[in-house]
Amino acid sequence: MKTKFKLLTLSASLMAAGMAVSNQAQAGAYAFSSAHIIEGFIQVVGGTAIVINSSSQTNTAGTPLPVTRAGDLKIGAKPNALPATQGAPVRPDELIGGSPATTGATGYTQWGPGVTSYSWADSNTVSQQTANSLIEIKNAAEGNIHGGPGNAASGAENSSSSLLSMTISLGAPGTVQFSFKANPYMETFLNAASGPGSFALANLDNDLTIRNSAGVVVFSWAPDGVANNAFGGVDSVDSQSLNISINSLIPGAPAAKYSNDNAAFTSFSAKTNLLAAGTYTLSLVSHESQVVNKTLRTVPEPASLALLGLGLTGLAFARRRKQV
């Protein structure tokens, strides 16, 4: 009788353990997108260029809420990501001032996939073109979904963007040349326990546009890693794509990454065709975004199946002893 009771107890314990492992299977979807533009310089032949507007904007949506920051913004020194009243956990402030090209820094520290669900984004126009400085812009967006018991589905989405506008005055026909260096980086990942419909998406969107006084586009360039692909001019140096998306759809597959060389900045350069005398507006937009979504996989893990099999074997053995 005691032996039978022990077998039944062991079988039930093994089955419960198998069910617990299955129920506690953690599902995660993670995405990170960032771009760092440095040494931006606009050269006007036949006129002048004056900054008229510089702004940065961040947006977050979905579940979970954005993470909190430890302190408030100081332009050019700390992230201007989110009000301190939003979400949890706390994301420490970090210096994001000008970085030499040799550092390879994107300007933001990745949290990466972990045991906490979070979402954050930040954009920062670090400096404008003046007599003493060149254009520098940093943007990043990161999100992670981590599953747990009772969590069937959730998603997070955020984005960041910076806009730099300049007025170009041509007293005579002339051209505009724009050059800069950039160090983009993206990463997406799906945990092996992610269920059907899960995905992790990261996006880069960066473009340069010039309009005349009537609002008509006379030049546009979205760097895509292919030279001679600009409208109204020529992009002579287009070292890598700054307009690209990566997506992880297969749970458990190695993380998808995009980076020409995360330890170095690469060069970009473009020049307009000859423009008529007049007033023009140049807009430089840098935008990063990510979307993550995951569902729990309902099929037990192999370890769970093994434990369940042992439990059933124990029950069968106990039943056989009873019949004998």
Side-chain angles (χ1 to χ4, degrees), residues 35-57 75-76 96-101 107 123-139 160-184 204-243 260 264-288:
H36 185 178
I37 295 174
I38 63 172
E39 299 178 20
F41 180 69
I42 298 173
Q43 182 178 1
V44 180
V45 178
T48 58
I50 303 173
V51 176
I52 58 172
N53 181 47
S54 177
S55 63
S56 299
Q57 180 178 353
I75 295 291
I96 58 169
S99 302
S123 59
N124 190 298
T125 301
V126 181
S127 61
Q128 303 171 355
Q129 182 173 325
T130 67
N132 301 312
S133 65
L134 298 178
I135 297 169
E136 181 175 6
I137 294 174
K138 296 183 180 183
N139 290 332
S160 64
S161 61
S162 294
L163 169 65
L164 184 67
S165 298
M166 303 183 77
T167 291
I168 299 172
S169 178
L170 295 178
T175 60
V176 180
Q177 181 172 340
F178 186 73
S179 61
F180 64 94
K181 293 181 179 180
N183 181 27
L204 286 177
D205 300 286
N206 295 267
D207 61 81
L208 178 71
T209 304
I210 298 178
R211 291 179 170 82
N212 61 20
S213 57
V216 177
V217 175
V218 296
F219 175 82
S220 64
W221 178 35
D224 58 0
V226 180
N228 302 316
N229 199 25
F231 168 77
V234 60
D235 49 325
S236 56
V237 181
D238 195 338
S239 57
Q240 58 181 312
S241 182
L242 299 182
N243 291 273
N260 184 59
F265 287 77
T266 59
S267 298
F268 298 80
S269 181
K271 183 179 181 179
T272 68
N273 295 330
L274 188 67
L275 300 174
T279 301
Y280 299 84
T281 301
L282 181 149
S283 298
L284 170 63
V285 177
S286 180
H287 178 256
E288 278 64 55

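Values below: all heavy atoms of this structure, side chains included; hydrogens, waters and symmetry mates excluded.
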Nearest-0.5 Å distance, OG of residue S162 to CD of residue E136: 11.0 Å
Close side-chain approach of I135 and F41, heavy atoms under 4.5 Å: no
Heavy atoms only: give me the nearest S286-I137 pair and the separation to one decimal. CB-CG2, 4.1 Å
Which atom names give the shortest non-hydrogen contact between L275 and Y280, and what distance separates them? CB-OH, 3.7 Å
Hey, can you tell me if F268 and F180 have their rings parallel, tilted or perpendicular (30° and 60° cut-offs)? parallel
Is S56 reaching over with its side chain to a backbone N or O of T125, donor-acceptor style, under 3.5 angstrom? yes
Verdict with supporting geometry, V216 and R211, side-chain contact (heavy atoms from CB on, under 4.5 Å): CA-CA 5 Å; V216 177; R211 291 179 170 82; over 6 Å; no
The test is side-chain contact (heavy atoms from CB on, under 4.5 Å); show your working for L284 and I42 and say whether it passes. CA-CA 11 Å; L284 170 63; I42 298 173; over 6 Å; no
Sorted by chain and residue number, the side chain to side chain contact (heavy atoms under 4.5 Å, CB included) partners of T130 (sequence neighbours excluded) come out as N132, S133
When every non-hydrogen atom of G40 is compared with those of L134, the smallest separation belongs to O-CB, 3.5 Å
With side chains defined as the heavy atoms from C-beta onward, is the minimum distance between T272 and V218 less than 4.5 Å? no
Would you check, one step at a time, whether the test side-chain contact (heavy atoms from CB on, under 4.5 Å) holds for S236 with S269? CA-CA 6 Å; S236 56; S269 181; 3.8 Å; yes
Evaluate the side-chain proximity of L204 to E288: yes if any heavy-atom separation is below 4.5 Å, no if none is. yes
Using atom types as modelled, flag every donor-acceptor pair under 3.5 Å from a side chain in residues 223-232 to any protein atom, sequence neighbours excluded.
residue, atom, partner, partner atom, Å
D224, OD1, V226, N, 3.0
D224, OD2, N229, ND2, 2.5

Would you mind writing out the side-chain donor-acceptor pairs for residues 166-179 within the sub-3.5 Å range, not counting sequence neighbours?
none

From T281 atom OG1 to I52 atom CD1, the distance as rounded to the nearest 0.5 Å: 5.0 Å
If we ignore hydrogens and angles and just use 3.5 Å, is the side chain of N243 paired with the main-chain N or O of N206 as donor and acceptor? yes
Does the side chain of L282 reach to within under 4.5 Å of the side chain of L208, using non-hydrogen atoms? yes
Looking at F219 and K271, what are the two nearest heavy atoms and their distance? CE1-O, 3.9 Å
S220 vs D207, test: side-chain contact (heavy atoms from CB on, under 4.5 Å). Steps then yes/no. CA-CA 7 Å; S220 64; D207 61 81; over 6 Å; no
Where is the tightest heavy-atom contact between N139 and S160, given as atom of each residue plus distance? CB-OG, 3.4 Å
Ignoring hydrogens, what is the shortest heavy-atom contact between I37 and A182? Give both atom names and the distance. CG1-CB, 4.3 Å
